[in-house]
Amino acid sequence: MTTTTPVPAGAARTTRSAARAGQAGGQHRAGPFAYVVLGLAALASLFPLYWTLVAASTDSHSVVSSPPPLVPGGNLFKNLAYVWDNAGGRGMGVALLNSTLVAGAVTLTTVTFSVLAGFAFAKLRFRGMKVLLGLVLATLAVPAQLSVVPLFILTKNMGLGNHLGALILPVLVTAFGVFFMRQFLSQALPTELLEAARVDGANSLRVVWHIVFPVARPAMAILGMLTFVQSWNDFLWPIIVMNGSTNPTVQVALAGLGTGWSTDWSVITAGALIGTLPLLLVFVLFGRHIVGGITQGAIKG
């Protein structure tokens, strides 16, 4: 004969609550509906890239026909070869190298200076801090087009006309980057950790290198990706300061493609395809690090 030991009501409620908490914190299997939605979202995201490939593989007449072609044609390598040899006067290879140098330098300096300034505004106390932070944020309300003429005059007076330095110097640091890093470090960097480092005798340089930069790594990855993409796709300022230059960036080189008696859109889309591939390569190489940094920051928070 088996006897059953009664379980107290409070213990039973505690057990059920723990089970529900375990289910809530666990991972759930995705249903068919989730896969359908994700598949449609992936197709919608990839369709512009696919259409660029289709347009780059046709001729100038087929790309503007109605209905437009939906299957790649046979002129892809011909159009790519023309763009590679003629874009920007010196070929697409030079333009890609210039854009890589400019975007890489802008990303490195923006991320570095933004972390330093963001740390100062987030964790240091100095006279005039609120005023300086207000001035930095006020620059976000000023349209970038208003600074074109003063910057153009300044770069000309400095002898940087038609020089890649004119594309790097004005954007060594951005107000958005400073504010972004300030907000992140205010939450992610404990003040007690800085005080412990000071007690151990660490100077400011050591604190920044061994504490601030490792803590800010998730935000640095995000800011670096945003800055690189923005610098790579920038067109207004490069077309103004590099007008007539034989050393253009990708966007300036693409502006001169397909011009003549009639616009050759197949050649233009072929150039756009070449200019997009480096961005896709950067995301493939560093996308895992960015997602891992975001996840690491979320776990630490």
Side-chain angles (χ1 to χ4, degrees), residues 10-11 13-28 103-142 168 170-231 282-283 285-301:
R13 285 194 298 269
T14 302
T15 303
R16 288 193 296 268
S17 300
R20 286 195 297 267
Q23 293 177 358
Q27 295 182 350
H28 299 278
V106 170
T107 301
L108 179 63
T109 57
T110 297
V111 172
T112 302
F113 292 146
S114 295
V115 172
L116 296 177
F119 166 66
F121 283 123
K123 295 299 179 179
L124 302 182
R125 295 295 177 264
F126 53 91
R127 184 175 300 177
M129 180 186 66
K130 294 183 178 180
V131 176
L132 291 177
L133 181 60
L135 292 176
V136 171
L137 297 180
T139 61
L140 293 174
V142 179
I168 301 174
V171 285
L172 290 178
V173 65
T174 61
F176 170 77
V178 173
F179 179 72
F180 179 77
M181 296 306 306
R182 186 256 182 190
Q183 295 299 106
F184 179 84
L185 292 175
S186 296
Q187 301 293 329
L189 183 60
T191 304
E192 294 79 6
L193 185 60
L194 298 176
E195 294 176 351
R198 293 294 188 184
V199 171
D200 290 340
N203 54 24
S204 298
L205 182 61
R206 189 172 182 181
V207 168
V208 170
W209 183 257
H210 291 284
I211 297 179
V212 178
F213 277 108
V215 171
R217 190 175 301 166
M220 291 170 63
I222 299 173
L223 180 61
M225 175 63 74
L226 294 176
T227 304
F228 187 89
V229 172
Q230 182 179 3
S231 179
V282 168
F283 183 79
L285 294 177
F286 299 102
R288 180 179 301 179
H289 299 281
I290 294 173
V291 175
I294 297 173
T295 306
Q296 181 182 2
I299 294 176
K300 287 182 178 180

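Note that the numbering runs from 1 along the sequence shown for the chain.
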Quick one: side-chain hydrogen bond (donor to acceptor under 3.5 Å, both in side chains) pairs with a partner in residues 107-119, sequence neighbours left out?
-> none
Distance (rounded to the nearest 0.5 Å) between [X] [atom1] and [Y] [atom2]:
X      : Y      : atom1 : atom2 : value
Leu189 : Met181 : CG    : CE    : 10.0 Å
Ser204 : Leu124 : OG    : CG    : 7.5 Å
Gln230 : Phe176 : CD    : CZ    : 9.0 Å
Lys123 : Leu193 : NZ    : CG    : 9.5 Å
Leu223 : Phe184 : CG    : CZ    : 11.5 Å
Leu185 : Phe121 : CG    : CZ    : 12.5 Å

Thr139 side-chain N/O to Val136 backbone N/O, donor-acceptor pair under 3.5 Å = yes
Smallest separation among heavy atoms of Trp209 and Pro214, with atom names | O-CD, 3.5 Å
Mind listing the closest non-hydrogen atom pair of Ala122 and Arg125 along with its distance?
-> O-NH1, 3.7 Å
Candidate list Val207, Val208, Val111, test side chain to side chain contact (heavy atoms under 4.5 Å, CB included), partner Phe213, passing option | Val208
State, yes or no, whether a side-chain contact exists between [X] and [Y] at a heavy-atom distance under 4.5 Å.
X      : Y      : result
Val282 : Met225 : yes
Leu226 : Phe180 : no
Thr227 : Thr174 : no

If you count the non-hydrogen atoms of other residues, nucleotides and ligands that lie under 6.0 Å from CZ in Arg198, is the total more than 12?
-> yes
Contacts of type side-chain contact (heavy atoms from CB on, under 4.5 Å), residue Ala117, not counting sequence neighbours | Val178
Given the rule in the side chain to side chain contact (heavy atoms under 4.5 Å, CB included) test, do Phe119 and Arg182 qualify, once you have shown the distances and angles that lead to the verdict?
-> CA-CA 6 Å; Phe119 166 66; Arg182 186 256 182 190; over 6 Å; no
